[in-house]
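Here is how names work: the chains are called A, B, and so on, in the same order as the sequence lines, proteins then strands, and each is numbered from 1.
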2 protein chains.
Amino acid sequence: MRPIDHAQQALITAIVRGEYPVGTALPGERDLAAQLGVTRPTLREALRRLEADGWLIIQHGKSTLVRNYLHEGGLNVLNGIVQYSRDLPPDFVPNLLQVRLDLAPSYTRLAIMNAPHVLISVLKAHKTLPDTPHAYAHYDWQLHHTLTVQSGNPIYALILNGFADFYEYLAETHYFQHDVARQASAAFYAELLSHVQAGDVDEAAALTQRVMAASITLWEMIHQTS
Amino acid sequence: MRPIDHAQQALITAIVRGEYPVGTALPGERDLAAQLGVTRPTLREALRRLEADGWLIIQHGKSTLVRNYLHEGGLNVLNGIVQYSRDLPPDFVPNLLQVRLDLAPSYTRLAIMNAPHVLISVLKAHKTLPDTPHAYAHYDWQLHHTLTVQSGNPIYALILNGFADFYEYLAETHYFQHDVARQASAAFYAELLSHVQAGDVDEAAALTQRVMAASITLWEMIHQTS
DNA sequence: GTTTATCAACTGGTCTGACCAGTTGATGAT
DNA sequence: ATCATCAACTGGTCAGACCAGTTGATAAAC
């Protein structure tokens, strides 16, 4: 692992585990670099990334502080939480699905109004999807990404991209493993396609709303015991 | 202006203006540093920030590329767009308000269910608000931030924080300047308070939905000519 | 002539150690 | 007791060297 990635990994891990609690000061850069086994310039590059993501508050002359990242951080902190914490917070995925439920009907509606032909070609592709978790996870991400981009409101895509690093991974390993999940999504893709072809925007948005809500229920059903 | 900020400013400005078009390669770090009048380590810290925000794709051995930031970037690119482009994209604020419309009813509902007492104390504070754009902008941001944090779903707060750098500024200078906007918000705060006190979560969510939608109409009414 | 190995010249990545520049609290003068 | 001063933190920047992937031109092999 590259020095800068090692430094970033070590810092986020330490922060997430509370070894550097929120609000406290990090060791000085010279000490910290020595502890992590990297040099100061390398450490500083890592610190700049963490600062940009909302993990840290860096101020000239003062100690670098651990930010209250869950309250004041940026969307990128989710990547760190997924990648570097031992196990996900229990409600992580339901929280994610809840936000998707809020947004998906809107960006789906807009995308259909703006670029129905694009969506039709994307949605037709689902018919040739192999019935594997990997294929479904990849396709599902692509679909939502296309929808947000085609919505014409860039903010939808920018928000969705905050989930880019783990959406496919979590979907493949924890959701589309289950036959019912793949079947539910396949039905959704087919039905959405027919609504788009029929030009029925309202029905498409309503369908999306129902399916996004159902996916939360489905997730919780799947994971009620495990 | 500090060298690193100057470098960041210059790079984002150049990218936004298309001087470094999406998909093209940046000059090598040695050249680029010289052009910007900073040294390579300083430039690299700036590049790391831009990479974290989704402006750039950096790969060892290859040229650094300008990312398709509107399609693949993170929420932080909005800060860059607001700060460094001459004037905002025409639909910028309506797009922002549209996303808020999607999310606010949900996080308001959750916040009321989780922590009604917190909201009551925050909402009561509105009664002593001076009738100034600055006071309203600050209060409005604080309210939404409180709502997202109290919702119990951290993702709402993380998304909202993507707007932190310009929400107050834009609200103060382009929205709450207008008496009707302040009056509308004051009425909203009062009505929301009464619903929270009455424990009527559904009515509070519905109200939020109506007001967020109305704020888009109001914005467009205000800015139809200017 | 075509193919394949090699290597030079890019690119970014890291290290070294020095010095600049804000911040803070202890020290000492008033 | 108060206030200026300054030493010792902190992060910020500079300098130049060298390490490490990538790429395409060159030359060797077929």
For a quick check of understanding: with a heavy-atom distance under 4.0 Å over all strands, which category does [X] fall into, base, sugar-phosphate or nothing?
X: A:Pro41; answer: base
X: A:Thr39; answer: base
X: A:Arg48; answer: sugar-phosphate
X: A:Arg30; answer: base

Requested in this report: Taking Watson-Crick and G-U wobble pairs with both distances under 3.5 Å, convert DNA chain C into its dot-bracket string, 5' to 3', dots for unpaired and | for cross-strand pairs.
Outcome: |||||||||||||||.||||||||||||||
Query raised in the report: Has B:Arg44 got a side-chain N or O lying under 4.0 Å from the OP1 or OP2 atom of C:dG13?
Result: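 Yes, because at least one side-chain N or O of B:Arg44 sits under 4.0 Å from OP1 or OP2 of C:dG13.
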Query raised in the report: Over how many whole Å does the gap from A:Leu36 atom CG to C:dC15 atom P extend?
Result: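 Interatomic distance, CG of A:Leu36 to P of C:dC15: 11 Å.
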Query raised in the report: Whole Å only: how far is the CG atom of A:Leu43 from the P atom of C:dT16?
Result: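 Atom CG in A:Leu43 sits about 14 Å away from atom P in C:dT16.
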For [X] and [Y], take the angle between the two ring planes, folded into 0 to 90°, and tell me which bin it lands in: parallel under 30, tilted 30 to 60, perpendicular over 60.
X: B:His144; Y: B:Tyr167; value: tilted
X: A:Tyr156; Y: A:Tyr107; value: perpendicular
X: A:Phe92; Y: A:Phe166; value: perpendicular

Requested in this report: Measure from the side-chain N and O atoms of B:Glu172 to the backbone N and O of B:Gln177, and report whether any donor-acceptor pair falls under 3.5 Å.
Outcome: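 Flag not set: sc B:Glu172 to bb B:Gln177 has no pair under 3.5 Å.
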Query - Taking every non-hydrogen atom, the tightest pair across B:Ile81 and B:Pro89 - result: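 Closest approach of B:Ile81 to B:Pro89, heavy atoms only: CG2-CD, 4.0 Å.
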**Report entry** All salt bridge (charged side-chain N to carboxylate O under 4.0 Å, His left out) counterparts of B:Glu51, not counting sequence neighbours
**Finding:**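 With neighbours one apart ignored, the set is A:Arg49, B:Arg48.
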Query raised in the report: Is the A:Phe176 to A:Tyr139 ring centre distance short of 6.0 Å?
Result: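 For A:Phe176 and A:Tyr139, the ring centres are not under 6.0 Å apart.
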Query raised in the report: From the 5' end of DNA chain D to its 3' end, which nucleotides mark the outer limits of contact with chain A, defined by a 4.0 Å heavy-atom distance cut-off (strictly under)?
Result: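 Extent of the interface on DNA chain D: D:dT10 to D:dG21.
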Query raised in the report: Do B:Leu192 and B:Thr108 have side-chain heavy atoms sitting under 4.5 Å apart?
Result: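 Counting from C-beta outward, B:Leu192 and B:Thr108 do come under 4.5 Å.
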Report task. Taking only Lys NZ, Arg NE, NH1 and NH2, and the carboxylate oxygens of Asp or Glu, determine whether A:Arg100 and A:Asp140 approach each other closer than 4.0 Å. Result ->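 The answer is yes: the pair qualifies as a salt bridge.
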Query raised in the report: When the nearest nucleotide of DNA chain D is assigned to B:Thr42 and to A:His60 on a heavy-atom basis, which residue is associated with the more 5' position?
Result: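 Here A:His60 is the residue nearer the 5' end.
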